[in-house]
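Below: one structure, written as structure tokens.
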Amino acid sequence: MPTILPAYARKSSIRADGSREKVRVADVKGRFQKGKTWAYNFLLLLFAILPFISIQGQRLILLDIQRRHFYLFGLSFNAQDIYLIFFLVSGLAFTLFFVTAIWGRVWCGWSCPQTVLMDGFFRKIERWVEGNRNEQVRLSQSSWTAKKISLFSIKHAIFLLASLLISLIFIAYFVPIPSIFDLLKLGPSSHPVLSLWLCGVTALIYLDFSWFREQVCVIVCPYGRFQSLLTDDDTLVIGYDEKRGEPRGKKTDPNTGDCIDCDRCVVVCPTGIDIRNGLQLDCIGCANCIDACDEVMEKIGKPKGLVRYDSLNGLAGKAKKFLRPRVIAYSALFLIGVLMFAGFLRKHTPFEANVLRLVGPPYVLTEGKIRNQFEIHLFNKMSDQMTLLIEPKATQGESITLPVREVTLKRLEDRRIPLFVEVPEKTFQTSFPMSIQVKEEETGKIVQSTFRFLGPK
């Protein structure tokens with residue numbers, strides 16, 4: 001027998017037996033909706049154009065995983081710089097912690113890609129095809145007529161095309177633009193791996209925004225569950241002023257509060273919750289309920305702010321604090337991360353110079369000499385041509401053979417140069433360290449790479 005949820009625990013996305021019902025969001029207007037429209041449009045535009053922006057022939061953002069080349073806002077990285085990702089990710093995490101401690105889940109409601117694409121793009125398509133919330137509900141409850149089938153087909157065809165477009169833009173962050181144009185021009189056979197990725201990402205986006213929708217926020221995303229750890233009673237959240245609103249009732253009843261129990265705050269919620277039940281992990285801080293309630297209060301001649309951005313202390317009539325231990329701690333951790341990232345970034349070299357031992361035996365005995373065979377791998381990480389000067393350093397009188405000692409590399413070019421080191425067998429005692437010094441001719445930047453000479457002892 002299915003479990004029947006109590007009335008206070010129910011929400012519009014969950015039926016009385018606990019099964020899910022699709023959330024259909026009613027239209028709402030207000031000051032926060034205007035702000036979100038600007039924010040969503042800006043973020044969507046930024047997402048769409050960033051992969052296509054180049055400066056001096058170099059992409060502004062390109063995470064070329066296949067070639068292990070990464071370009072971020074004029075800086076170039078390769079696989080050996082992957083450790084910097086730790087500082088980048090941790091910095092973003094502590095920034096989010098800091099923002100959450102002060103402003104709650106403003107990220108979820110105003111900046112999260114799931115919210116921006118759902119409310120700023122796909123839900124608009126749905127309203128355009130199927131109408132407002134009431135029309136959508138009537139359509140879903142009606143039988144499968146020719147009109148319903150045609151509207152359903154049109155909506156999902158547009159959803160699929162939109163998912164394909166978003167996938168192409170998303171993949172452009174990881175693949176050179178000419179490869180995408182070749183795929184579109186020549187077909188899947190020209191880039192089979194890229195085609196598989198495109199199909200997979202398109203299917204994932206389509207499934208997300210056509211069916212899974214708010215379940216990503218409610219079930220999948222762990223951020224809502226972190227909220228109780230990151231926030232306190234002074235954090236800005238969306239709350240219902242219970243003292244002012246209760247008991248609920250008709251406007252004409254002098255014994256009731258300001259809430260007329262119209263449920264407008266429920267039908268405009270993208271996750272289907274009732275904000276009057278208190279702070280919940282499903283609340284993404286989108287402010288739909290604030291604008292909806294303010295609109296109702298204005299119509300019935302009551303002050304706005306029955307549902308508003310405030311802290312739990314503010315809603316209870318207590319004094320609010322800005323500086324708290326958690327805010328100071330998150331700020332300190334963020335600052336430490338920034339300083340460490342800046343320090344490692346200063347050590348970031350414009351080129352790589354590594355000495356690698358060639359595949360095969362570690363050493364060769366020939367004509368009374370011990371020979372080690374290496375190769376020097378040079379890689380220009382900059383967008384400009386550079387000339388590198390190679391200087392091996394002998395420490396024990398070893399003989400060094402290096403075909404070239406000056407190498408010019410074009411933008412993002414790499415070169416492998418053989419290096420042979422010989423030591424007379426009768427003078428060799430044990431393995432010893434060696435090094436080479438590679439200097440960039442124009443800037444004087446030096447990279448030193450060490451390796452070991454090996455022998456039979």
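From a predicted model like this one, the values you see are computed outputs, not experimental measurements.
If you check the side chains of Lys36 and Asn288, you find a donor sitting under 3.5 Å from an acceptor. Using a 3.5 Å distance cut-off with no hydrogens or angles, the side chains of Ser431 and Arg452 do pair a donor with an acceptor. If you check the side chains of Thr235 and Asp232, you find a donor sitting under 3.5 Å from an acceptor.
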Inset, instruction - Could you check Thr408 against Thr387 for side chain to side chain donor-acceptor pair (under 3.5 Å), going step by step and ending with a plain yes or no? - result: CA-CA 4 Å; Thr408 299; Thr387 299; 3.3 Å; yes
Inset, instruction - Would you check, one step at a time, whether the test side-chain contact (heavy atoms from CB on, under 4.5 Å) holds for Asp414 with Leu409? - result: CA-CA 7 Å; Asp414 71 323; Leu409 298 177; over 6 Å; no
Inset, instruction - Assess whether side-chain contact (heavy atoms from CB on, under 4.5 Å) is satisfied between Val421 and Arg371, documenting all intermediate values. - result: CA-CA 6 Å; Val421 182; Arg371 178 190 296 169; over 6 Å; no
Legend entry - Stepwise side-chain contact (heavy atoms from CB on, under 4.5 Å) test for Leu230 and Tyr223: CA-CA 10 Å; Leu230 300 174; Tyr223 181 49; 4.1 Å; yes
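Rounded to the nearest 0.5 angstrom, Lys369 NZ and Lys426 NZ are separated by 11.0 Å. Between the CG atom of Leu279 and the OG atom of Ser311 there is a distance of 11.5 Å, given to the nearest 0.5 Å. One finds the CG atom of Leu419 at 9.0 Å from the CG atom of Leu358 (value rounded to the nearest 0.5 Å). The CD1 atom of Ile370 sits 7.5 Å away from the OG1 atom of Thr427 when rounded to the nearest 0.5 Å. Interatomic distance, Ile158 CD1 to Ser153 OG, rounded to the nearest 0.5 Å: 11.0 Å. In this structure, Leu165 CG and Leu160 CG are separated by 11.5 Å, a value rounded to the nearest 0.5 Å.
The pair Arg415-Glu413 counts as a salt bridge, with a side-chain nitrogen and a carboxylate oxygen less than 4.0 angstrom apart. Comment: Glu295 engages Arg264 in a salt bridge, judged by a side-chain N to carboxylate O separation of less than 4.0 angstrom. Electrostatic pairing of Asp27 and Arg127 counts as a salt bridge here, judged by a charged N lying under 4.0 Å from a carboxylate O. Salt bridge status for Glu130 with Lys155: present, with a side-chain N to carboxylate O gap under 4.0 Å. The pair Glu352-Lys381 counts as a salt bridge, with a side-chain nitrogen and a carboxylate oxygen less than 4.0 angstrom apart.
In this structure, the ring of Phe451 has its center less than 6.0 angstrom from the ring center of Phe374. Taking the six-membered ring for Trp and the full ring otherwise, the centers of Phe159 and Phe122 sit less than 6.0 Å from each other. You'll find the ring centres of Phe98 and Phe334 outside the 6.0 Å limit.
Between the side chain of Asn380 and the backbone N or O of Lys410 there is at least one donor-acceptor pair closer than 3.5 Å. Side chain of Arg324 to backbone of Ala101: a donor-acceptor contact under 3.5 angstrom is found. A donor-acceptor pair is defined here as one N or O able to donate and one able to accept, closer than 3.5 Å; no such pair exists between the side chain of Tyr40 and the backbone of Gly35. Remark: side-chain polar atoms of Gln437 are not paired, donor with acceptor, to backbone N or O of Ile446 under 3.5 angstrom. Using modelled atom types, no side-chain atom of Ser435 and backbone atom of Thr450 make a donor-acceptor pair closer than 3.5 Å. Arg105 contributes a side-chain N or O that, together with a main-chain N or O of Leu281, makes up a donor-acceptor pair within less than 3.5 Å. A donor-acceptor pair under 3.5 Å links the side-chain atoms of Gln280 to the main chain of Gly278, judged by distance alone. Of the possible donor and acceptor atoms, none in the side chain of Lys439 sits under 3.5 Å from a partner among the backbone N and O of Leu388. Judged purely by atom type and a 3.5 angstrom limit, Asp234 uses its side chain to pair as donor or acceptor with the backbone of Lys321. Under the 3.5 Å distance criterion, the side-chain polar atoms of Ser179 are left unmatched by any main-chain donor or acceptor of Val175.
Looking at Leu62 and Ile177, their side chains never come closer than 4.5 Å, going by heavy atoms from C-beta outward.
Shown here is Lys445, whose NZ atom has more than 12 heavy atoms of other residues, nucleotides or ligands within 6.0 Å. For Phe170, the CZ atom sits in a loose shell: 12 or fewer heavy atoms of surrounding residues, nucleotides or ligands are nearer than 6.0 Å. More than 12 heavy atoms of other residues, nucleotides or ligands lie within 6.0 Å of CD in Glu135, so this atom counts as buried by the packing criterion. The neighbour count for Lys34 NZ, taken as heavy atoms of other residues, nucleotides or ligands under 6.0 Å away, does not exceed 12. For CZ of Phe52, the number of neighbouring non-hydrogen atoms (other residues, nucleotides, ligands) closer than 6.0 Å is greater than 12.
Pairing each heavy atom of Gln114 with each of Cys217, the nearest pair is CG-SG, 4.0 Å. The minimum heavy-atom distance between Leu454 and Pro362, with the atom names listed, is CD1-CB, 3.9 Å. The minimum heavy-atom distance linking Val268 with Ala26 is given by the pair CG1-O, 3.9 Å. Closest approach of Cys108 to Thr115, counting heavy atoms only: O-OG1, 2.6 Å. Closest heavy-atom contact between Gly305 and Arg308: O-NH1, 2.8 Å. Nearest approach of Phe420 to Gln373, heavy atoms of both residues: CE2-OE1, 3.5 Å.
Residues satisfying the salt bridge (charged side-chain N to carboxylate O under 4.0 Å, His left out) test with Arg213, not counting sequence neighbours, are Glu126. For Asp291, the salt bridge (charged side-chain N to carboxylate O under 4.0 Å, His left out) criterion is met by no residue, not counting sequence neighbours.
In this pair, Phe428 and Phe432 present their aromatic rings tilted. The plane angle is within the 30 to 60° band. Ring geometry, Trp110 versus Phe32: the interplanar angle exceeds 60°, so the pair is classed perpendicular (tilted spans 30 to 60°).
Residue Ile238 forms a side-chain contact (heavy atoms from CB on, under 4.5 Å) with just one option from Ile290, Asp310, Val106, and that option is Ile290.
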